[in-house]
Amino acid sequence: MRLLTHNMLSSNVKGVVNGFPLRLEASSWVEKEVEFNADFLRSMFPKIDWPALAGAAQKIGYAALPDTADATMLESEDFLKKFHHALLEIHVEEGALVCPESGRRFPINKGIPNMLLNEDEV
Amino acid sequence: MKLKQLEGLLGNLEQFSDPKVELEQYPTGPHIASRLLYMAESMYGDVSGKVVADFGCGCGTLGIASTLLGAEHVIGFDIDSQSLEIASINAAELELDIDLILCDIKSLGPKGKFVDTVVMNPPFGTRKKGSDMEFLSVALKVAERAVYSLHKTTTREHVRRAALRDYNAKSAEILCQLRFDVPKIYKFHKKKEVDIAVDLWRFVP
Ligand SMILES: C[S@@+](CC[C@H](N)C(=O)[O-])C[C@H]1O[C@@H](n2cnc3c(N)ncnc32)[C@H](O)[C@@H]1O
């Protein structure tokens with residue numbers, strides 16, 4: 001699971017009002033190079049929840065992203081490179097996503113988060 | 001990539017080893033799958049450089065086709081972990097990266113428009129009535145540009161009305177009619193059900 005996907009997922013356990021962002025716990029991850037595409041990054045930026053991305057990146061030891069970001073930063077090549085790396089090149093293999101409100105854990109095995117809910121959670 | 005080449009690569013993918021009838025697990029054949037994605041890309045530019053979701057991805061055919069046509073990020077969602085494992089192997093064999101999520105499509109949605117395009121071959125709802133419409137309703141909530149989907153031709157007017165009126169689609173257009181062949185897996189099917197007419201739709205959310 002890439003951090004871009006993490007940015008799109010939320011916990012929908014019954015009764016939870018704000019299930020986003022899911023807290024990332026990662027015990028293993030891999031990095032894979034992806035071709036740099038500045039246009040894609042610029043078009044994605046407004047849709048990304050920045051604190052969620054920066055927070056998740058920090059959890060896997062990538063602390064190069066600023067805590068906050070605004071659109072003017074997209075002119076910096078250096079910023080785009082870091083954004084690119086965090087968004088697309090890190091794959092979480094094992095760990096869990098934790099609902100910020102209920103504490104419900106969604107395990108990640110072999111890169112696949114299990115977001116299935118039990119009957120009493122829907 | 002040429003259409004023929006895409007179709008060839010999709011033809012080599014591993015498919016459901018032990019299809020679960022209640023989940024309507026039958027693959028989209030390489031002929032239909034390659035044309036669906038090829039049209040989405042060449043006629044509408046909905047794939048290359050985009051974020052694409054494959055709803056009910058099964059063994060990953062449509063998601064993998066999206067990646068092969070240049071999608072920047074692809075996420076496959078399915079409720080069955082065994083299919084996702086096959087999807088993961090299929091992607092790895094082609095050295096492609098797609099993200100996979102084990103979940104029920106019905107529990108997605110509230111997070112808003114998080115992808116550009118949704119591609120899907122939803123359960124037709126022969127086992128669980130209305131599942132294709134549930135998929136469509138969620139797809140139109142999460143897609144920003146377009147939803148590509150296959151539905152039985154017999155449900156055409158219902159699909160159009162629901163999309164436009166209930167799910168607020170801006171447009172609902174049939175790109176072509178196809179024959180979908182489900183027989184080899186579903187031995188219990190009566191003869192007349194063997195070859196189903198389906199419409200390939202493009203919806204604009
Ligand atoms: C007709 S198959 C299509 C498979 C694959 N997309 C393809 O094109 O080859 C439908 C898929 O939807 C999945 N499915 C059924 N109900 C689901 C649900 N509620 N949520 C997520 N996936 C579901 C099944 O496991 C199956 O893989």
Side-chain angles (χ1 to χ4, degrees), chain A residues 1-14 16-22 29-49 52 84 87-93 97 99 104 106-119 121-122, chain B residues 23 45 47-55 57 59-60 63 67 70-92 95-118 134 138 141-145:
Chain A
M1 183 198 67
R2 287 171 169 171
L3 298 192
L4 172 50
T5 297
H6 166 262
N7 215 274
M8 297 169 172
L9 291 176
S10 60
S11 155
N12 293 317
V13 176
K14 187 169 81 183
V16 166
V17 182
N18 193 0
F20 183 86
L22 292 157
W29 59 88
V30 292
E31 294 181 11
K32 291 187 208 163
E33 211 172 302
V34 173
E35 206 176 312
F36 179 74
N37 178 348
D39 288 341
F40 176 74
L41 296 169
R42 290 198 191 94
S43 73
M44 275 318 287
F45 181 78
K47 297 189 212 166
I48 292 297
D49 183 288
H84 170 78
L87 200 66
L88 298 171
E89 296 191 319
I90 301 169
H91 299 256
V92 179
E93 290 292 324
L97 298 168
C99 171
R104 162 71 146 89
F106 299 96
I108 306 173
N109 294 312
K110 295 190 196 155
I112 305 176
N114 178 351
M115 304 300 294
L116 289 176
L117 298 170
N118 301 324
E119 257 168 53
E121 293 174 315
V122 287
Chain B
L23 294 176
V47 180
S48 168
K50 301 292 183 287
V51 177
V52 178
D54 178 353
F55 273 17
C57 65
C59 304
T67 314
E72 186 77 30
H73 181 64
V74 175
I75 317 170
F77 298 88
D78 204 284
I79 200 166
D80 177 44
S81 61
Q82 277 173 327
S83 309
L84 290 179
E85 276 188 34
I86 301 176
S88 165
I89 293 168
N90 277 333
E95 295 182 20
L96 302 173
D97 276 307
I98 66 174
D99 273 3
L100 298 167
I101 313 274
L102 179 58
C103 79
D104 187 334
I105 290 300
K106 294 191 289 291
S107 70
L108 287 173
K111 183 90 210 327
K113 305 221 168 279
F114 61 75
V115 303
D116 296 301
T117 306
V118 173
E134 272 171 359
V138 178
K141 280 189 200 134
V142 306
E144 198 165 306
R145 290 174 67 99

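Chain identifiers are assigned alphabetically (A, B, ...) following the order of the sequence lines, protein sequences preceding nucleic acid strands; residue numbering begins at 1 within each chain.
Using a 4.5 Å heavy-atom cut-off against chain B, the contacting residues of residues 38-46 of chain A are A:F40, A:M44.
For A:D49, the salt bridge (Lys or Arg N to Asp or Glu O under 4.0 Å) criterion is met by no residue, not counting sequence neighbours. With sequence neighbours excluded, the residues satisfying salt bridge (Lys or Arg N to Asp or Glu O under 4.0 Å) with A:E121 are A:R104.
A:N109 does not touch chain B: none of its heavy atoms, backbone or side chain, sits under 4.5 Å away. When heavy atoms are compared at a cutoff of 4.5 Å, B:I75 approaches chain A solely by way of its side chain, counted from C-beta outward. No part of B:I98 comes within reach of chain A, as not one of its non-hydrogen atoms sits under 4.5 angstrom from that chain. A:N37 touches chain B through its side chain: at least one heavy atom from C-beta onward sits under 4.5 Å away, while N, CA, C and O do not.
Per-residue counts of heavy-atom pairs under 4.5 Å with chain B were compared for A:V34, A:L87, A:L9, A:L4; the largest is that of A:L4.
Residue A:T5 holds its OG1 atom at 9.0 Å from CZ of B:F114, rounded to the nearest 0.5 Å. Between atom CD1 of residue A:I112 and atom CD1 of residue B:I101 there is a gap of 9.0 Å, rounded to the nearest 0.5 Å.
A pairwise comparison of heavy atoms in B:S107 and A:L117 identifies CB-CD1, 4.3 Å as the closest pair.
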Going through the distances and angles, do A:L88 and B:E72 end up as a side chain to side chain contact (heavy atoms under 4.5 Å, CB included)?
CA-CA 9 Å; A:L88 298 171; B:E72 186 77 30; 3.6 Å; yes
Let me see the working for B:L84 and A:K110 under side chain to side chain contact (heavy atoms under 4.5 Å, CB included), right down to the final yes or no.
CA-CA 10 Å; B:L84 290 179; A:K110 295 190 196 155; over 6 Å; no
Please lay out, stage by stage, how A:K47 and B:E144 fare under the test side chain to side chain contact (heavy atoms under 4.5 Å, CB included).
CA-CA 11 Å; A:K47 297 189 212 166; B:E144 198 165 306; 3.6 Å; yes
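Applying the salt bridge (charged side-chain N to carboxylate O under 4.0 Å, His left out) test to pairs two or more places apart or on separate chains, those with a residue in residues 95-104 of chain B are A:K32-B:D97, B:D104-B:K106.
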